[in-house]
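Report on the structure given below.
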Protein chains: 2
Amino acid sequence: MLRPVFSVLLVLLATSFAKYIPKSGKRIPQTLSRGWGDQLIWAQTYEEALYWSRSRNKPLMVLFHLEDCPHSQAFKKVFSDNNEIQKTLDEFFIVLNLVYETTDKHLSPDGQYVPRIIFVDPSMTVRADITGPYSNRMYAYEPGDIKLLISNMQRARKLLKSEL
Amino acid sequence: MLRPVFSVLLVLLATSFAKYIPKSGKRIPQTLSRGWGDQLIWAQTYEEALYWSRSRNKPLMVLFHLEDCPHSQAFKKVFSDNNEIQKTLDEFFIVLNLVYETTDKHLSPDGQYVPRIIFVDPSMTVRADITGPYSNRMYAYEPGDIKLLISNMQRARKLLKSEL
């Protein structure tokens with residue numbers, strides 16, 4: 001007669017140790033990379049990114065995108081698959097990707113659109129001079145613009161002299 | 001004589017498709033949960049969290065911690081293992097965990113320390129009245145304080161009336 005009691009206890013024990021699972025089913029944990037480079041160390045917030053940029057004297061790349069935007073998705077594919085971009089970012093840049101705008105208007109020199117890439121110098125100066133190929137959306141890039149982005153990254157690596 | 005050439009081509013092909021791996025070895029992608037609840041949907045920034053809180057009319061829990069702080073780690077263990085906390089947060093709260101302070105001083109009513117839990121009402125009012133058991137660090141919690149945290153979560157769910 002001990003067996004059923006023991007089984008009930010086992011079930012109770014298993015239930016109490018089971019981790020929470022939402023009603024809608026188990027979710028894949030969100031990553032900070034959001035698919036833009038799982039091997040890169042991403043800052044979580046703009047404040048954190050600025051702090052790292054200043055303290056490590058590395059330029060910052062801020063990448064605005066949206067998960068459900070097909071232009072963002074297409075660009076993300078070539079961006080994350082490009083080893084030159086990934087290696088250069090990992091070694092010489094601070095990286096931040098955001099799906100929400102910040103309160104800093106300097107990060108949207110010609111409007112809030114996605115995908116949009118803004119470089120910031122360790123002196124905390126937004127490099128509004130480093131632009132993509134489109135005159136109406138100066139900080140937008142498309143999959144075919146990867147080479148321009150790489151040369152823009154080289155430009156961003158030549159740091160401005162801090163006037164402080 | 002074709003075989004060696006073919007092998008070389010295969011190696012080249014494999015190399016060009018290989019994803020970037022840092023010199024120091026492959027990294028585990030960072031998650032937004034940082035171990036505080038992999039099944040929860042975490043906001044990335046305070047601005048994003050406030051936006052969700054207002055638009056969904058749910059209170060916000062902001063959790064300040066540090067990865068290398070033993071108090072944070074001990075509290076994270078009981079917090080992430082507690083199904084009542086995880087379920088309540090998932091269904092009734094907006095959640096944000098931060099390893100850096102924000103520029104908003106309302107989030108550090110009695111100083112910047114970790115672990116620290118601050119509730120914010122959807123009216124964007126910081127609930128400085130919802131405190132833990134320690135008079136010197138009013139928003140700190142230890143593993144033994146989980147029940148108080150749960151009752152504080154119930155208090156936070158009773159929304160303030162917006163005076164707007």
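Order of the sequence lines fixes the chain letters, A, B, ..., with proteins taken first and strands second; residue numbering starts at 1 for each chain. Any value given below was found using the heavy atoms of this structure, including those in side chains, with hydrogens, waters and symmetry copies removed.
When all heavy atoms of A/G25 and B/Q39 are compared, the closest pair comes out as O-OE1, 4.3 Å. Across all their heavy atoms, A/R27 and B/L40 have their closest contact at NH1-CA, 4.1 Å. Among all heavy-atom pairs drawn from B/D90 and A/Y20, the shortest one is OD2-OH, 2.6 Å. Nearest heavy atoms, B/T31 versus A/P29: CG2-CB, 4.1 Å.
Proximity to chain A is limited to the side chain of B/K23, based on heavy atoms less than 4.5 angstrom apart. Contact annotation for A/L89: neither backbone nor side-chain heavy atoms come within less than 4.5 Å of a heavy atom of chain B. For B/I41, the parts lying under 4.5 angstrom from a heavy atom of chain A are both the backbone and the side chain. For A/Y51, the part sitting under 4.5 Å from any heavy atom of chain B is the side chain, from C-beta outward, and nothing else.
Hydrophobic cluster membership differs between B/L96 and A/W42, with clusters built from Ile, Leu, Val, Met, Phe, Trp and Tyr side chains linked at under 4.5 angstrom. No single ILVMFWY cluster, assembled from side-chain heavy atoms under 4.5 Å apart, contains both A/L149 and A/M138. A/I85 and A/V95 fall within the same hydrophobic cluster, defined by Ile, Leu, Val, Met, Phe, Trp and Tyr side-chain heavy atoms under 4.5 Å apart, directly or through other members. By the rule that hydrophobic residues join a cluster once side-chain heavy atoms approach within less than 4.5 Å of another member, B/M153 and B/V62 end up as members of separate clusters.
The distance from the CG atom of B/D81 to the NZ atom of A/K19 is 4.5 Å, given to the nearest 0.5 Å. Between the CD1 atom of B/I21 and the CG atom of A/D38 there is a distance of 11.5 Å, given to the nearest 0.5 Å.
The shortest distance between side-chain heavy atoms of B/T102 and A/E47 does not fall below 4.5 Å. With a 4.5 Å cut-off on side-chain heavy atoms, A/Y100 and B/Q44 do not count as touching. Contact check for B/T45 versus A/E101: no side-chain heavy atoms found under the 4.5 Å cut-off.
With a 6.0 Å radius and a threshold of 12 heavy atoms from other residues, nucleotides or ligands, A/Q73 has its CD atom above the threshold.
For chain A, the option among B/K26, B/Q30, B/E91, B/Q86 with the highest count of heavy-atom pairs below 4.5 Å is B/Q30.
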